[in-house]
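First the structure, in the form of structure tokens, and then the observations on it.
All values below were derived from every heavy atom in this structure, side-chain atoms included, with hydrogens, water molecules and symmetry-related copies excluded. Letters go in sequence order (proteins before strands), and every chain restarts at 1. As the structure is a prediction and not an experimental result, all values here were calculated from the model.
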There are 2 protein chains.
Amino acid sequence: MPSTADEIAANLRTQIQRGELQPGDRLPGIETLAERYSVNRQTARQALNQLKAEGLAESPGGRAGTIVRQRPTTRLVRSRNIERDHLGYYSGPTVQHWRTIQGLGLAIDTRPVPADVAELLGITPGTLVLLRERANGDPEQPQYRQLAASWFHPDIVEDVPVLAGGTGLGGSYDRIEEWAQQPLQWEEEVTAATPNPAEAETLLLPPGVPMLRILRVASLGRGSKARVVEVQDIRMSGELFSVRYPLQRRGAARWPVQPSTGDYYSAGSQP
Amino acid sequence: MPSTADEIAANLRTQIQRGELQPGDRLPGIETLAERYSVNRQTARQALNQLKAEGLAESPGGRAGTIVRQRPTTRLVRSRNIERDHLGYYSGPTVQHWRTIQGLGLAIDTRPVPADVAELLGITPGTLVLLRERANGDPEQPQYRQLAASWFHPDIVEDVPVLAGGTGLGGSYDRIEEWAQQPLQWEEEVTAATPNPAEAETLLLPPGVPMLRILRVASLGRGSKARVVEVQDIRMSGELFSVRYPLQRRGAARWPVQPSTGDYYSAGSQP
DNA sequence: TAGTGGTCTAGACCACGGC
DNA sequence: CCGTGGTCTAGACCACTAT
């Protein structure tokens, strides 16, 4: 009975999700699938490709065949604190000893700003903006690395021209605070994104693994006077990293709580 | 001059990133590419498929061809607060009026627990665990929706058997707090994940868009006595949602800061 | 060296939707 | 209607690596 690539992929996916095929187990090969389902080799291959695109399978190469991927269960946790040592600011103990990875996408350049960064900077998308891009990582565990692109607001580059060159000890943040004589504030926005081939290579991402993306907004001043000076676009493996924080009880959620009084059948998103 | 699918894709990707091709613009069609690069139609198609897998392009169907995808620049922001109204707990104003989407993946079941959820629950992966799964969303803006799977620790199901059935007003959290006579605490861990076809369909995800995944851990008691009772696996579009929080200055980062004193050439991850 | 997956060519046929 | 992309078959050839 002939089948489609989607159906073959669905069968294999079910077996993996049920645990009948464990990480490291070998999946049926292209030839085997083609025979078993009476389809062409290309169709069988397409089924396996779908599983790889989902991060469920991988083909290490050679005569190893295609196997169920081992996915990491523990992640490197980023906190929402900013700290400081003799080198300057850093965000939490997990990245304190990280260093720049030489020869990887280092760049100081002027580039058209992407739409979502432009939105946060409060400027028109496509404007040419000063960009400092680099790759950082743990020297001892090189799989833990991140790509960071700093987009500076045109106004701050005018006020602090050194940003366009070597910024020296403490980096851009120290130069901006020295100029402003007041502290920076930061806010982070976490989203997910699909890597392009360059990002996948730099971050050592296997096929099917998305990126965790942090947009960090640095600003001077408070409230309506706040002035965004830099947006940092930080990308890392979505499988190896996470951001963790406690939920805070607010308003009526403060303990002790009142019993609920609503209509059962209109109940919303509670489990 | 014949080329490869990767090269053709790289050319088109560059044009999109440079802004030469704007969202909504039509990409060269399969036939055109095949001719221009002297390759087979299949090879040209493969190049376009790569761009779709990255979320850069889409083929609406019919005679529209393949176009550059419009990507949303503003996102629905989730806060790290938990609030309460007459229906029970909810996490922030953005989801207060959300309701269950009927007929979508609703389930109360006992299933083998995935490895990373098992890790957080402190039990063996693959153990059969009570699961309540549902889809929630904004009734007025149906593109904003999420999938939520609650995995309950076997011990709490023994203590609060009603969790296996209809939990009534306020949901599982109210039942657990009534039984324990003490407040739950929550911690959230944010990561990224690739959708499987079922998740992509439920969440209306176009190809190439990953999920933002929140693992919410609910526990009773503090410190070493803490007892994890539920892990909620919440998945949503990585393009339409974000989590936002301020960074807190800690330790030496408290203002006013001391100048940095390190060796310039060993400087770490500062921009 | 043998068996695995990867890529490309070539061609048939189908589904969709704007014209 | 007809041009677009989507899927499948068929076969050639290459690259890698465990045996």
Side-chain angles (χ1 to χ4, degrees), chain A residues 1-13 16 21 23-70 197 200-201 205-208, chain B residues 1-13 16 21 24-70 197 200-201 204-208:
Chain A
M1 51 178 76
S3 308
T4 68
D6 287 356
E7 288 162 6
I8 301 170
N11 282 351
L12 294 171
R13 190 182 298 110
I16 295 171
L21 286 167
D25 283 358
R26 202 164 164 171
L27 291 167
I30 290 174
E31 208 75 55
T32 314
L33 287 174
E35 214 170 293
R36 186 183 299 174
Y37 289 93
S38 308
V39 295
N40 187 270
R41 286 168 35 99
Q42 290 289 10
T43 306
R45 186 195 322 282
Q46 187 50 35
L48 293 175
N49 280 346
Q50 286 184 36
L51 301 179
K52 289 186 214 172
E54 291 168 40
L56 289 177
E58 63 183 344
S59 300
R63 99 186 322 194
T66 302
I67 61 177
V68 178
R69 235 183 111 235
Q70 178 76 263
E201 192 191 348
L205 296 178
Chain B
M1 53 181 79
S3 308
T4 67
D6 287 355
E7 288 161 7
I8 300 170
N11 283 350
L12 295 171
R13 190 182 299 110
I16 295 171
L21 287 166
D25 283 358
R26 199 163 167 171
L27 291 167
I30 289 174
E31 207 75 55
T32 314
L33 287 173
E35 214 169 293
R36 186 182 299 172
Y37 289 92
S38 309
V39 294
N40 187 270
R41 286 167 35 97
Q42 290 290 10
T43 307
R45 186 196 322 282
Q46 187 51 36
L48 292 176
N49 280 345
Q50 286 184 34
L51 301 180
K52 289 186 214 173
E54 290 167 41
L56 289 178
E58 63 183 343
S59 301
R63 116 188 305 203
T66 302
I67 62 177
V68 178
R69 236 183 110 234
Q70 178 76 263
E201 191 190 350
L204 311 174
L205 296 178

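Atom CD of Glu7(B) and atom C1' of dC8(C) are 13 Å apart (whole Å). A straight line from CZ of Arg26(A) to C1' of dG3(C) spans 9 Å, rounded to a whole angstrom. Whole-Å rounding puts the Glu35(B) CD to dA10(C) C1' distance at 16 Å. Between the C1' atom of dT7(C) and the CG atom of Asn49(B) lies a distance of 14 Å, rounded to the nearest Å. Whole-Å rounding puts the Leu33(B) CG to dG6(D) P distance at 13 Å. The separation between Asp6(B) atom CG and dG6(C) atom P is 13 Å, rounded to whole Å. In this structure, Ile67(A) places its CD1 atom 12 Å from P of dG5(C), rounding to the nearest Å. Here dC2(D) presents its P atom at 17 Å from CD of Glu31(B), a figure rounded to the nearest Å.
When all heavy atoms of Ile67(A) and Pro60(A) are compared, the pair lying nearest together is CD1-CG, 4.0 Å. Here the shortest heavy-atom pairing between Pro206(A) and Arg69(A) reads CG-NH2, 3.6 Å.
No donor-acceptor contact under 3.5 Å links the side chain of Arg41(B) to the base of dG11(C). In this model, a side-chain donor or acceptor of Gln42(A) finds a partner on the base of dG11(D) within 3.5 Å. Side chain Arg45(A) to base dG6(C): a donor-acceptor pair is found below 3.5 Å.
Between Thr4(A) and dT7(D) there is no side-chain N or O to OP1 or OP2 distance below 4.0 Å.
Along DNA chain D, the nucleotide nearest Ala64(A) and the nucleotide nearest Gly61(B) are compared for position; the residue whose nucleotide lies closer to the 5' end is Gly61(B). Position along DNA chain D of the nearest nucleotide to Thr43(A) versus Lys52(B) favours Lys52(B) as the more 5'-ward residue.
Relative to the side chain of Asn40(A), the nucleotides dG5(C), dT9(D), dT9(C) differ in distance, and dT9(D) lies closest. Counting only heavy atoms from C-beta on, Thr66(A) has its side chain closest to dG5(C) among dG5(C), dT4(D), dT9(D).
Heavy atoms of Ala5(B) sit under 4.0 angstrom from primed sugar atoms or phosphate atoms, though from no base atom.
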task: Please step through side chain to side chain contact (heavy atoms under 4.5 Å, CB included) for the pair Thr43(B) and Tyr37(B), ending with a clear verdict.
output: CA-CA 10 Å; Thr43(B) 307; Tyr37(B) 289 92; over 6 Å; no

query: Can you list the steps and then say if Leu33(A) with Leu12(A) is a side chain to side chain contact (heavy atoms under 4.5 Å, CB included)?
result: CA-CA 10 Å; Leu33(A) 287 174; Leu12(A) 294 171; 4.1 Å; yes

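In this structure, the separation between CD1 on Ile16(A) and CG on Leu56(A) is 5.0 Å, given to the nearest 0.5 Å.
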